[in-house]
Amino acid sequence: MNHFLNEARALLGDAHVLTPTQADLSAYVTDWRGKFTGTPLAVLRPADTAQVAAAVKLCAAHGLAIVPQGGNTGMCGGATPDGSGRQVVLSLTRLNRVRAVDPLNNTMTVEAGCVLQTLQELAAEHDRLFPLSLGAEGSCQIGGNIATNAGGVQVLRYGNTRDLVLGLEVVLADGQVLNLLRALRKDNTGYDLKHLFIGAEGTLGIITAAVLKLFPAPHASAVAFAALKTPQQALQLLGLMRGALGDRFTAFELMSDASVAMVRQHFPGTPALFADAHPWQVLMQATDPGAGDGAQAALDASFQAALEQALEQGVIDDVVIATSVAQAEELWAVRENISEAQQHDGANIKHDIAVPVSSVAAFIAEVQPLLHAAYAGVRPIVYGHLGDGNLHFNVSRPVGWSTPDWQAETDRVNAIVLDVVARYQGSFSAEHGMGQLKNHEMALYKTPLEINVMRRVKQALDPQGLMNPGKLLP
Ligand code: FAD
Ligand code: MLT
Ligand code: ZN
């Protein structure tokens, strides 16, 4: 292996070949949730596409598997190496250049290691919007977002990451650079290969750059937090707000009171929004690209009128409408801090499921009693992107249970939740991907033929099986 390390150092420079004996690799070897830890042979930190290609060729020549890694915020251990000491983590962090911004074409061409938040800010500097938005945006990278086809809180209006990508540059498993960096909105010239790599979690190739779609910047914004009794009422509210606001309605996030309580417990500055307790709460946002006070006033008027109607009809019981940007951020923080609060709270069996939007309330009504019947005192922490039919249905351990005892129940809890998901023709992983956490469930919930076609794609693009093995496929 010294041979490999010496050649890697010659390619990338000593400072960018990190080994467990010579450097602190803790930032690279454990996932965000702390569920998986590995021991890589080395962490490679190439500076550009040519270095990625050379590093991949070198790994292939030595038969070493590669684990691509972006911001390492993934929820399923996809970026964590195994414990064999024979896998190489390839960090994309140094590929962080912006290659072009074309406001007239409404596109930007950026490298994979750009942090999502810096791209949102770049778009804003050009009076444009890059709409992908999620709690990890300060550290996740666009390459990781594309590799996981991340969702987030604006999917209702703008779609998933897949919908925001026009072109890609990918280093294939043999080190060749596949240039698909076209900035076109129409291009029917054969199989649209970029879609193979979007959501592939690094198992087919390494994304080094992308052409991303931009949208008109929102100049007016309205944000509110509503309290209600049931998920069914939340669905009614969704219909009402979309009817009133159309495409200006951009976000609709559901939270159970237990989710909000968890945030208040672990983030003590979190304000109490309502005087009374309410079983469910919803965070909503509408935006408008129109500039000036007139656009803001018009948006506020439509937003408030719709919420008043919801109050009058008994769809919601109470509502807080943000009166300043700071208050809007405070409301958003309640939602965005749930993941981290959940981390502090300890063991939970996490699900990231989707059912048709219209079925979300029925799904919750069906699955909650099954869990309570199986485990007295169990604590479902339910929140998520209701506007997309995507719930984070996390099952926290019953009071008095130890973490190891609860983790030992994972398969049984998964079966309770995911069998109901399957009855609704839903997805057992809506936006977080498979990684090494959920790939085993594929065998349970996908047909053998679907898995077989995936394996054939994998075999065609990665015949040596060196691209992130043990991830995505069962
Ligand atoms: P990593 O974790 O580094 O990698 C994820 C996967 O992509 C791995 O399989 C890795 O091998 C692969 N990969 C990374 N970069 C590349 C590349 N350049 N080429 C090929 N493969 C690559 N996700 C959502 O969808 N919606 C949310 O709302 C959301 N909220 C989150 C909130 C918090 C607080 C946290 C911690 C995570 C959240 N996530 C969410 C999950 C996570 O942020 C996303 O999956 C994100 O897209 C991962 O990006 P990353 O750069 O951290 O990727
Ligand atoms: C979210 O929506 O907050 C994220 O997807 C992360 C999580 O599931 O906790
Ligand atoms: Zn989410």
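In each ligand, atom 1 is the first atom listed, and ligand 1 is the first ligand listed. Computed from a predicted structure; not experimentally measured.
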Report task. With a 4.0 angstrom cut-off on heavy atoms, strictly below it, pick out the residues next to ligand 1 and order them by chain and number. Result ->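 For ligand 1, the contacting residues are W32, P68, Q69, G70, G71, N72, T73, G74, M75, G78, A79, L92, A112, L134, G135, A136, C140, Q141, G143, G144, N145, A147, T148, A150, G151, G152, E201, G202, G205, I206, I207, S339, H385, E431, H432, N468.
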
For residues 34-45, tabulate all N or O donor-acceptor pairs below 3.5 Å that involve a side-chain atom, not counting sequence neighbours.
residue : atom : partner : partner atom : Å
T37     : OG1  : T30     : OG1          : 3.2
R45     : NE   : H16     : ND1          : 3.4
R45     : NH1  : Y28     : OH           : 3.4

Query raised in the report: Is there a heavy atom in E253 that sits closer than 4.0 Å to ligand 2?
Result: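 It does not, in that no heavy atom of E253 comes within the 4.0 Å cut-off of ligand 2.
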
Query raised in the report: Where the closest heavy atom to atom 2 (O) of ligand 2 is concerned, which of H351, R335, E431 has it?
Result: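 Residue with the shortest heavy-atom distance to the ligand atom: R335.
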
Report task. Considering the heavy atoms of H385, write down every atom of ligand 2 situated less than 4.0 Å from one of them. Result ->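 Ligand 2 atoms under the 4.0 Å threshold to H385: 2 (O).
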
Query raised in the report: Which atoms of ligand 2 have any heavy atom of Y383 under 4.0 Å away?
Result: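 The list of qualifying atoms is 3 (O), 7 (C), 8 (O), 9 (O).
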
Query raised in the report: Where do R99 and E169 land on the salt bridge (Lys or Arg N to Asp or Glu O under 4.0 Å) test, with the steps shown first?
Result: CA-CA 12 Å; R99 294 192 188 167; E169 179 185 82; 3.1 Å; yes

Report task. For Q176, look at atom CD and say whether over 12 heavy atoms of other residues, nucleotides or ligands are found less than 6.0 Å away. Result ->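 Incorrect, the count does not exceed 12.
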
Angle class for the [X]/[Y] ring planes (parallel below 30°, perpendicular above 60°, tilted otherwise)?
X: F363; Y: Y424; value: perpendicular
X: H351; Y: F393; value: tilted
X: F274; Y: H278; value: perpendicular
X: F428; Y: Y445; value: tilted

In the protein, what heavy atom is nearest to [atom], and what distance, to one decimal place, separates them?
atom: atom 8 (O) of ligand 2; value: K350 NZ, 2.8 Å
atom: atom 6 (C) of ligand 2; value: S339 OG, 3.1 Å
atom: atom 5 (O) of ligand 2; value: H432 NE2, 2.7 Å

Requested in this report: Say whether N394, considering both its backbone and side-chain N or O atoms, lies within less than 3.5 Å of an N or O atom on ligand 2.
Outcome: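 No, since none of the N or O atoms of N394 sits under 3.5 Å from an N or O of ligand 2.
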
Query raised in the report: Can you name the nearest heavy-atom pair linking K438 to C76, along with the distance?
Result: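 Answer, listing the atom of K438 first, then C76: CE-SG, 3.9 Å.
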
Query raised in the report: So which heavy atom on N96 is nearest to which on E111, and how close?
Result: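 Closest pair (atom of N96, atom of E111, distance): N-OE1, 3.5 Å.
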
Report task. Answer side chain, backbone, both or neither: which part of Q342 comes under 4.0 Å from ligand 2, heavy atoms only. Result ->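 None of Q342 does.
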
Requested in this report: Measure E336 to ligand 2 on non-hydrogen atoms and call it side chain, backbone, both or neither using the 4.0 Å cut-off.
Outcome: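 None of E336 does.
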
Query raised in the report: Under the salt bridge (Lys or Arg N to Asp or Glu O under 4.0 Å) criterion, do D48 and R94 qualify, and how do the steps go?
Result: CA-CA 7 Å; D48 53 30; R94 293 175 69 216; over 6 Å; no

Query raised in the report: Are the side chains of E409 and W406 in touch, meaning some heavy atoms are under 4.5 Å apart?
Result: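 Side chain of E409 against side chain of W406, heavy atoms only: contact under 4.5 Å found.
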
Query raised in the report: Mind checking whether L172 and F197 have side chains closer than 4.5 Å, heavy atoms only?
Result: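 L172 reaches F197 side chain to side chain.
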
Query raised in the report: Any idea how many protein N, O or S atoms are nearer than 2.8 Å to the Zn ion (ligand 3)?
Result: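 Near the Zn ion (ligand 3), the number of protein N, O or S atoms below 2.8 Å is 3.
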
Report task. Tell me, please, whether Y375 has R397 positioned over its six-membered ring: NZ or CZ under 6.0 Å from the ring centre and within 45 degrees of its axis? Result ->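 No, a cation-pi geometry is absent between R397 and Y375.
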
Query raised in the report: Can you list the residues that meet the side chain to side chain donor-acceptor pair (under 3.5 Å) rule with K213, with sequence neighbours excluded?
Result: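 With sequence neighbours excluded, K213 shows a side chain to side chain donor-acceptor pair (under 3.5 Å) to no residue whatsoever.
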
